[in-house]
Visitor: 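Following this message is one structure expressed as structure tokens.
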Amino acid sequence: MNTTPWLRSHTCGELRAEHVGQRVVLNGWVDARRNHGGIFFVDLRDRYGKTQVTLSAEIAETVRFSAEWVLAVEGTVVRREPMNVNPDRPTGEIDVRAEKVTVLSESRIPPFEVLDQLDTAVETRLRHRYIDLRRAPLQRNLLHRSRFISAMRRAFEAQDFAEVETPILTRATPEGARDYLVPSRVHPGEFYALPQSPQIFKQLLMVAGMDRYFQVARCFRDEDLRADRQPEFTQLDMEMSFVDEERIFAVWEAVLVRTFREAMGVELTIPFPRLTWDECMDRYGVDKPDTRFGLELVDIAAWAKTAEFPVFQEALASGGRTLGLVVPGGGELLSRKDITALEELAKNFGAKGLAWWKASAEGGAGPLARFAAGTKAAELMQVAGAKEGDLLLCAAGKASQARRVLGELRVHLGRKLGLVKPGWNLLWVTHFPMFEYDEEAGRWFSAHHPFTAPVGDLSEIPADLGVMRSRAYDLVMNGWELGSGSIRIHRQDVQARVFQLLGISAEEQSAKFGFLLEALAHGAPPHGGFAVGLDRIVALTLGLDSIRDVVAFPKTASASDLLCEAPSKVAPSQLAEVHVALAGRALLEAGKSDAGTAAARPPSP
RNA sequence: GGGGACGUAGCUCAAUCGGUUAGAGUACCGGCCUGUCACGCCGGGGGUUGCGGGUUCAAGUCCCGUCGUCCUCGCCA
């Protein structure tokens with residue numbers, strides 16, 4: 001027996017011709033209304049779809065409702081006349097002829113319309129996110145995300161991985177991103193930090209013999225945001241013992257094949273290509289190449305070393321590189337204005353300028369033309385692999401700089417010229433540099449993190465730490481970094497040596513990482529792991545540029561939550577409880593708002 | 001932290017060189033209409049031009065500051 005008479009018998013997405021004649025109850029939101037006097041149409045919407053409800057004039061008189069009100073409609077499924085069928089909707093062959101309409105909930109006039117195509121400002125949409133999320137595209141995004149994560153869980157479980165939760169309140173990390181801090185009430189003057197990732201805990205789980213761990217883990221980093229970065233984000237994190245790189249790649253390839261198949265019906269080809277970091281940088285200029293198109297970088301040093309172009313000569317003399325990018329047919333395809341825009345783009349990425357040449361045996365055109373006269377023209381075309389009419393873009397300078405500029409131009413041109421072929425191009429980038437030099441700090445830092453194992457043993461340390469390679473790897477898809485990981489250091493002596501190379505003293509080591517070093521001294525298995533940015537992979541597989549569209553309640557570029565207005569000021573008593581006092585700008589702001597409250601208060605009698 | 005764009009009705013936008021009562025579409029409300037499906041037609045209500053200050057006879061428009069949103073460089077082991 002149905003004791004609640006208005007409860008739905010079907011959803012708004014499931015009624016078909018086969019249901020004709022049945023008495024049904026639908027629950028949902030009022031979408032569009034069309035009043036024709038003698039007959040009244042309402043589209044009733046829920047997560048599953050929209051169904052057209054018809055109200056006779058008599059029934060319509062018994063009830064009043066407006067956009068986004070929540071209704072229960074009791075009625076009969078009727079077949080539409082052939083001429084009235086709406087082929088654009090799954091429910092378009094039927095109507096529900098209402099016999100009784102109950103208002104379950106009223107609604108204010110909505111701040112914006114619930115339309116699939118909407119051009120309302122992000123700010124307004126975030127402020128009323130619960131309305132925005134009613135829209136079919138966002139519901140589709142969240143459902144896709146749910147299916148995606150669910151398939152990944154099944155894939156890990158099928159390979160004996162155990163899901164383990166790790167703390168959200170943890171210890172501040174000395175290196176890496178800025179931490180979000182949480183003051184302790186019980187320990188005056190001390191703070192927890194929110195985890196940037198479960199890195200250390202998952203290594204401890206390996207020492208603990210968990211063998212295969214995974215987790216859908218929330219991570220927090222207090223850094224400036226972008227369309228593809230939120231202050232809190234989700235990783236599919238994993239770690240496993242007694243492995244090398246290939247074992248880990250094999251696990252992830254199996255996981256991703258299954259996930260793409262179950263969540264998207266896409267068959268991925270495995271194994272994914274492997275590319276060392278050095279080869280990747282040589283060919284694409286970036287460590288996350290979009291391999292859906294060619295346009296690879298070329299080295300033009302063979303030409304430049306005898307060309308009388310001072311900029312190139314200097315670059316080569318000081319150990320730098322002279323690199324080029326050949327745009328096939330670019331001499332025709334790209335206007336002078338386009339090239340000016342490319343020059344601007346190059347400057348944006350730190351280039352002093354952009355040398356270019358419209359390739360021609362006759363000498364061509366552009367800033368490089370006067371250095372490519374006579375036999376030097378044919379020579380340059382040969383060295384760069386350019387044909388008559390191609391456009392050659394060149395950058396010279398430090399390897400990192402020249403690569404970056406051309407790498408960014410490559411991606412820009414690939415899109416602009418429509419060279420990007422549709423598809424899911426996944427690849428592993430391996431052998432990252434072990435260390436990076438920070439000019440400002442004047443010291444070496446770990447390129448990945450300080451627990452990453454080096455390639456080879458540490459019996460010989462090169463004079464230039466920059467040439468050392470690590471067992472870190474990234475997974476890249478269509479020009480996005482999906483995730484990263486590494487084989488870890490599992491020997492205490494190796495870990496201590498790496499800390500030493502980083503200039504971290506023995507005292508500092510034990511103060512900051514003592515517990516990890518101690519764990520490594522208690523029988524740590526060789527282990528390694530990987531983590532994928534879930535927000536990114538979900539956004540990417542939906543063809544979206546912004547991860548905001550796959551996060552239910554995202555924050556703005558200034559890390560504000562416009563819906564609940566976080567962060568917010570708290571009462572002085574609450575601050576006192578956690579032993580925190582405001583200082584600097586925060587104190588001034590608080591003073592201003594106090595003064596404001598005092599002024600607004602009525603004068604005391 | 002730096003650079004750029006934007007902020008006018010609930011929403012999306014317009015408003016000439018600084019000049020009369022700040023307009024349109026849509027949403028909302030009322031009326032008409034029995035087959036629409038973003039229905040149509042007629043009518044109506046709706047404004048602190050983000051906020052504060054300045055210049056001017058006069059500011060949505062010009063200047064300064066500030067707040068917010070978006071993009072971007074730095075940053076994000």
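A, B, ... follow the sequence lines: proteins, then strands. Residue 1 opens every chain.
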Visitor: Closest nucleotide of RNA chain B for A:Arg221 versus for A:Ile109: which of these residues is on the 5' side?
Guide: A:Ile109
Visitor: With respect to the phosphate group of B:rG74, does any side-chain polar atom (N or O) of A:Arg229 fall under 4.0 Å of OP1 or OP2?
Guide: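 No, A:Arg229 has no side-chain N/O under 4.0 Å of OP1/OP2 on B:rG74.
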Visitor: Provide the distance between the two P atoms, one in B:rA27 and one in B:rU69, to the nearest whole Å.
Guide: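 Taking atom P in both B:rA27 and B:rU69, they lie 30 Å apart.
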Visitor: So, are A:Asp287 and A:Arg403 salt-bridged, with charged N and O less than 4.0 Å apart?
Guide: no
Visitor: In whole Å, what is the span from the CD atom of A:Glu344 to the P atom of B:rG3?
Guide: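 In whole Å, B:rG3 P lies 17 Å from A:Glu344 CD.
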Visitor: How far, in whole Å, is B:rG30 from B:rG45 if one measures between their C1' atoms?
Guide: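 Straight-line distance between the two C1' atoms is 10 Å.
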Visitor: Under 4.0 Å between any heavy atoms, over every strand shown, what does A:Ala57 touch: base, sugar-phosphate, or nothing? Just pick one.
Guide: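 Answer is nothing: A:Ala57 stays at 4.0 Å or more from every strand.
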Visitor: Does B:rG23 have a Watson-Crick or wobble mate here (both distances under 3.5 Å), and if so which one?
Guide: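 Paired with B:rC13.
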Visitor: Taking only the side-chain nitrogens and oxygens of A:Arg548, find out if one of them lies under 4.0 Å from OP1 or OP2 of B:rC70.
Guide: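 Affirmative; the distance criterion is met.
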Visitor: Please report the distance separating the C1' of B:rC13 from the corresponding atom of B:rG7, rounded so that it comes out in whole Å.
Guide: 13 Å
Visitor: Across all strands shown, which nucleotide pairs with B:rG68 by Watson-Crick or G-U wobble geometry, both distances under 3.5 Å?
Guide: B:rC6
Visitor: To the nearest angstrom, how far is A:Glu223 atom CD from B:rG2 atom P?
Guide: 16 Å
Visitor: Using atom P in both nucleotides, what's the gap between B:rC29 and B:rA22 to the nearest angstrom?
Guide: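 Those two atoms are separated by 26 Å.
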Visitor: Looking at side-chain heavy atoms only, is the closest gap between A:Pro433 and A:Trp277 below 4.5 Å?
Guide: yes
Visitor: Reading nucleotides 32-41 of chain B 5' to 3', which nucleotides get B (base under 4.0 Å from a protein heavy atom), which S (sugar-phosphate only), which -?
Guide: -BBBBB-B--
Visitor: In whole angstrom, give me the gap between the C1' atoms of B:rU26 and B:rA38.
Guide: 10 Å
Visitor: Can you confirm whether A:Phe41 is buried at CZ, in the sense that more than 12 heavy atoms of other residues, nucleotides or ligands lie under 6.0 Å from that atom?
Guide: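 Enclosed: over 12 neighbouring heavy atoms sit under 6.0 Å from CZ of A:Phe41.
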Visitor: Side-chain N or O of A:Ser66 versus OP1/OP2 of B:rC29: is the shortest distance under 4.0 Å?
Guide: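 Checking B:rC29 against A:Ser66, a side-chain N or O does come within under 4.0 Å of OP1 or OP2.
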Visitor: Using atom P of each nucleotide, how far apart are B:rG50 and B:rC33 to the nearest Å?
Guide: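 Here B:rG50 and B:rC33 have their P atoms 44 Å from each other.
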Visitor: Hey, is the main chain of A:Arg548 close enough, under 3.5 Å, to the side chain of A:Ser546 for a donor-acceptor pair?
Guide: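 Side chain of A:Ser546 to backbone of A:Arg548: a pair is present.
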Visitor: Inspect the surroundings of CZ in A:Arg469 and state if more than 12 heavy atoms from other residues, nucleotides or ligands are less than 6.0 Å away.
Guide: yes
Visitor: Within this structure, what is the CG-to-P distance between A:Asp116 and B:rC11, rounded to whole angstrom?
Guide: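 Going from CG in A:Asp116 over to P in B:rC11 covers 21 Å.
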Visitor: Name the nucleic acid region contacted by A:Arg125, choosing base, sugar-phosphate or nothing; use a 4.0 angstrom heavy-atom cut-off, strictly under.
Guide: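 A:Arg125: no heavy atom of the nucleic acid under 4.0 Å.
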Visitor: If B:rC37 has a Watson-Crick or G-U wobble mate with both distances under 3.5 Å, name it; if not, just say none.
Guide: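 Base partner found: none.
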Visitor: Among A:Gln495, A:Glu239, A:His527, find the one that has a side chain to side chain donor-acceptor pair (under 3.5 Å) with A:Arg488.
Guide: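 Exactly one candidate clears the test, A:Glu239.
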Visitor: Could you tell me the separation between the CG atom of A:Asp545 and the C1' atom of B:rC70, rounded to a whole number of Å?
Guide: 14 Å
Visitor: Keeping A:Asp46 on the side-chain end and A:Cys12 on the backbone end, is there a donor-acceptor pair under 3.5 Å?
Guide: yes
Visitor: Using a cut-off of strictly less than 4.0 Å, decide whether A:Ser558 has a side-chain nitrogen or oxygen near OP1 or OP2 of B:rU69.
Guide: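 For A:Ser558, the contact criterion (side-chain N or O under 4.0 Å from OP1 or OP2 of B:rU69) is met.
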Visitor: Is the gap between the ring centers of A:Phe530 and A:Trp428 under 6.0 Å?
Guide: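 Ring centres of A:Trp428 and A:Phe530 closer than 6.0 Å.
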Visitor: I need the CH2-C1' distance between A:Trp69 and B:rC29, as an integer number of Å.
Guide: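 About 12 Å, once rounded to whole Å.
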Visitor: I'd like to know if A:Arg229 and A:Glu223 make a salt bridge, using a cut-off of under 4.0 Å between side-chain N and carboxylate O.
Guide: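 Answer for the salt bridge query: no.
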Visitor: Just the rounded figure in Å: distance from C1' of B:rG7 to CG of A:Asp119.
Guide: 16 Å
Visitor: At 4.0 Å (heavy atoms only), tell me whether A:Phe40 reaches a base, stays on the sugar-phosphate, or touches nothing.
Guide: nothing
Visitor: Rounded to whole angstroms, how far apart are CD on A:Glu436 and C1' on B:rC76?
Guide: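 Atom-to-atom, A:Glu436 to B:rC76, this comes out as 12 Å.
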Visitor: For the pair A:Arg536 (side chain) and A:Leu482 (backbone), establish whether a donor and an acceptor sit closer than 3.5 Å, ignoring hydrogens and angles.
Guide: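 Such a contact is absent between A:Arg536 side chain and A:Leu482 backbone.
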Visitor: For B:rU49, give the paired nucleotide (Watson-Crick: N1-N3 plus N6-O4 or O6-N4; G-U: N1-O2 and O6-N3; both under 3.5 Å), or none.
Guide: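 With both distances under 3.5 Å required, B:rU49 matches none.
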Visitor: Taking only side-chain nitrogens and oxygens of A:Thr556, does any of them come within less than 4.0 Å of OP1 or OP2 of B:rU69?
Guide: yes
Visitor: May I have the distance from A:Glu68 (atom CD) to B:rA27 (atom P), rounded to whole angstrom?
Guide: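 The distance from CD of A:Glu68 to P of B:rA27 comes to 13 Å, rounded to the nearest Å.
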Visitor: Which value, in whole Å, describes the distance between the C1' atoms of nucleotides B:rU61 and B:rU16?
Guide: 11 Å
Visitor: Does A:Arg226 get its side chain close enough to the base of B:rG74, under 3.5 Å, for a donor-acceptor pair?
Guide: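 Checked by distance alone, the answer is yes.
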Visitor: Measuring from the side chain of A:Ala67 (C-beta onward, heavy atoms only), which nucleotide among B:rG68, B:rC11, B:rC28 has the closest atom?
Guide: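 Of all the options, the side chain of A:Ala67 is nearest to B:rC28.
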Visitor: What integer number of Å spans the P atoms of B:rG10 and B:rG43?
Guide: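 Those two atoms are separated by 23 Å.
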Visitor: Across all strands, who's sitting opposite B:rU56 as a Watson-Crick or G-U wobble pair, both distances under 3.5 Å?
Guide: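 Paired with B:rU56, as far as the under-3.5 Å criterion goes, is no nucleotide at all.
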Visitor: Just to be sure I understand the rule, does A:Ser560 reach a base, reach only the sugar-phosphate, or reach nothing, if contact means heavy atoms closer than 4.0 Å?
Guide: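 Sugar-phosphate contact only.
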Visitor: Which part of the nucleic acid, if any, lies within contact of A:Thr91, taking any heavy atom under 4.0 Å across all strands shown: a base, the sugar-phosphate backbone alone, or nothing?
Guide: nothing
